[in-house]
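Keep in mind that this is a model prediction, so the values were computed, not measured. Numbering of ligands and ligand atoms starts at 1, following listing order.
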Amino acid sequence: MGEESTRAEADPLGGRGGRRTITQMVVVGLIASVLGIALGLVIDWFPTQRSTQAEKIDTFWDVLIICSVPVFVLVTTVVLYSVLEFRVKPGEEHLDGPPIHGNTRLEVIWTAVPAILIVGLVTYSYVVLRDIEKAPALAAGQKERVVRVFGEQFAWTFEYNEGGRRFTTAQLYLPAGESVKFQVQSKDVIHDFWVPDFRLKIDAVPGITTSYRVTPKTSAVGPHQIVCAELCGLGHAFMRQTAHVMTKPQFAAWVQRTSRAAGGGGGGQAGAAPDAKALFTNGSSATGATACGACHTLQAAGTSGTTGPDLDQVLKGKDPAFIKQSILQPDAQIAPGFSKGIMPPNYRSTLKPAEVDAIVKFLSDSTK
Ligand code: CUA
């Protein structure tokens with residue numbers, strides 16, 4: 001007994017088990033590290049990579065796993081070993097542990113190893129960051145595509161400036177294979193603009209403009225979810241929209257259509273009356289107005305959404321002025337059992353006045 005405690009004093013790492021326990025601990029630690037790293041690399045953490053930046057970010061993530069799992073295992077095994085080996089034994093309740101007065105070699109090691117690890121990872125992350133933030137190579141006279149992104153409770157709006165024509169949409173449209181720079185702003189509280197398939201995300205902070213660049217891959221053609229990644233209020237979970245990646249000709253055609261439609265003033269597709277039922281059920285892909293029927297039940301349109309009030313009930317006997325206000329200023333009056341800020345506040349910009357009037361008439365007629 002006496003012999004054992006002297007050994008513990010001489011070598012603070014020795015404990016009661018001595019060298020053999022340390023060897024066992026190292027073996028267990030190595031096996032646990034290898035298993036942990038393998039598990040960390042096998043797990044499919046992210047959706048399919050849909051931007052050129054995504055590959056570098058995912059590789060960086062893998063490197064972080066490889067470096068951090070052994071550190072986690074080391075700390076955990078040392079803690080568990082200490083708890084088992086140095087716990088108070090019967091009869092030792094009034095004793096203090098053996099005094100330990102520093103161990104220079106150990107202190108140098110546990111300062112140097114983490115320092116080298118951190119400097120290495122910081123350098124690597126700086127290199128990755130510089131790489132993914134790089135400005136695109138542009139032909140002479142060509143200007144970088146910039147899309148301004150506005151966050152507000154609880155919707156995103158996107159402002160384009162294509163060939164000198166400015167227009168706003170509620171869904172994001174991007175050409176594949178071309179770099180785009182997002183300039184992100186908030187109209188109220190802090191939001192966070194994130195397209196998981198692209199990997200990058202950044203806070204939308206009131207009063208300042210933040211930005212990042214992304215290049216959707218050509219394999220990205222199709223819809224991708226946009227998510228608000230910062231808790232911003234009751235409707236945070238609903239602050240989700242869609243980024244549509246298109247081929248370059250599709251995008252050019254979309255810009256033509258949308259800038260003309262948004263140009264307003266009676267130009268564009270004159271004549272045809274808006275189809276209110278279609279707008280209600282499907283929304284408008286041209287301007288990105290979200291479909292009313294996705295959240296509202298309305299028998300006349302055959303929709304059964306439950307996120308918002310059942311319109312057959314809440315609009316029964318209401319006059320058109322009330323219905324119009326409910327579309328354009330959703331928070332002015334809230335149906336019992338529902339909350340402010342859930343309904344997109346941007347129909348004023350995503351629907352044309354004639355479309356709003358048509359929907360108001362359709363709703364008024366079908367809920368008499
Ligand atoms: Cu906006 Cu969460």
Side-chain angles (χ1 to χ4, degrees), residues 45-47 50-51 53-54 57 61 132-133 146-161 166-174 180-214 216 220 223-245 283-285 287-296 305-309 325-335 337-351:
W45 298 97
F46 305 115
R50 294 302 188 195
S51 74
Q53 285 82 358
I57 294 170
W61 170 266
I132 61 178
E133 287 189 333
V146 173
V147 175
R148 296 178 73 193
V149 178
F150 297 94
E152 67 185 300
Q153 292 172 316
F154 295 97
W156 300 103
T157 15
F158 306 96
E159 188 189 287
Y160 290 80
N161 185 356
R166 277 178 195 281
F167 53 92
T168 303
T169 62
Q171 307 294 339
L172 181 62
Y173 294 84
L174 297 171
V180 56
K181 182 176 186 178
F182 297 114
Q183 288 187 336
V184 184
Q185 283 174 278
S186 170
K187 294 182 179 175
D188 39 44
V189 300
I190 302 178
H191 304 272
D192 192 293
F193 179 62
W194 184 31
V195 181
D197 289 355
F198 296 162
R199 299 295 186 274
L200 288 129
K201 65 169 151 176
I202 201 155
D203 274 6
V205 183
I208 65 169
T209 302
T210 52
S211 70
Y212 66 76
R213 288 190 177 92
V214 87
H224 305 276
Q225 197 168 48
I226 301 170
V227 180
C228 177
E230 180 67 54
L231 185 60
C232 54
L234 273 177
H236 163 68
F238 300 100
M239 197 164 162
R240 294 183 169 219
Q241 277 149 258
T242 309
H244 299 273
V245 177
S284 166
S285 62
T287 60
T290 36
C292 319
C295 293
H296 292 287
T306 53
T307 304
Q325 186 195 43
S326 302
I327 298 172
L328 298 179
Q329 297 161 261
D331 289 343
Q333 298 189 55
I334 295 294
F338 292 88
S339 305
K340 280 192 181 194
I342 308 285
M343 180 160 155
N346 58 357
Y347 284 113
R348 193 180 283 281
S349 56
T350 57
L351 291 174

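For the side chain to side chain contact (heavy atoms under 4.5 Å, CB included) test with Trp194, the passing option among Val227, Ile226, Leu200 is Val227; the others fail.
Separation of the Phe182 and Tyr212 ring centroids falls under the 6.0 Å cut-off. Taking the centre of each ring, Trp156 and Phe193 come in below the 6.0 Å mark.
Summarising the geometry of Gln183 relative to Thr209, their closest heavy-atom pair is CB-CG2, 3.8 Å, with the distance given to 0.1 Å. Between Ser186 and Pro206 the shortest heavy-atom distance is CB-N, 3.8 Å.
Residues Gln53 and Arg199 have side chains that never bring a donor and an acceptor to within less than 3.5 angstrom of each other.
Listed by chain and number, the protein N, O or S atoms at a distance under 2.8 Å from atom 1 (Cu) of ligand 1 are His191 ND1, Cys228 SG, Cys232 SG, Met239 SD.
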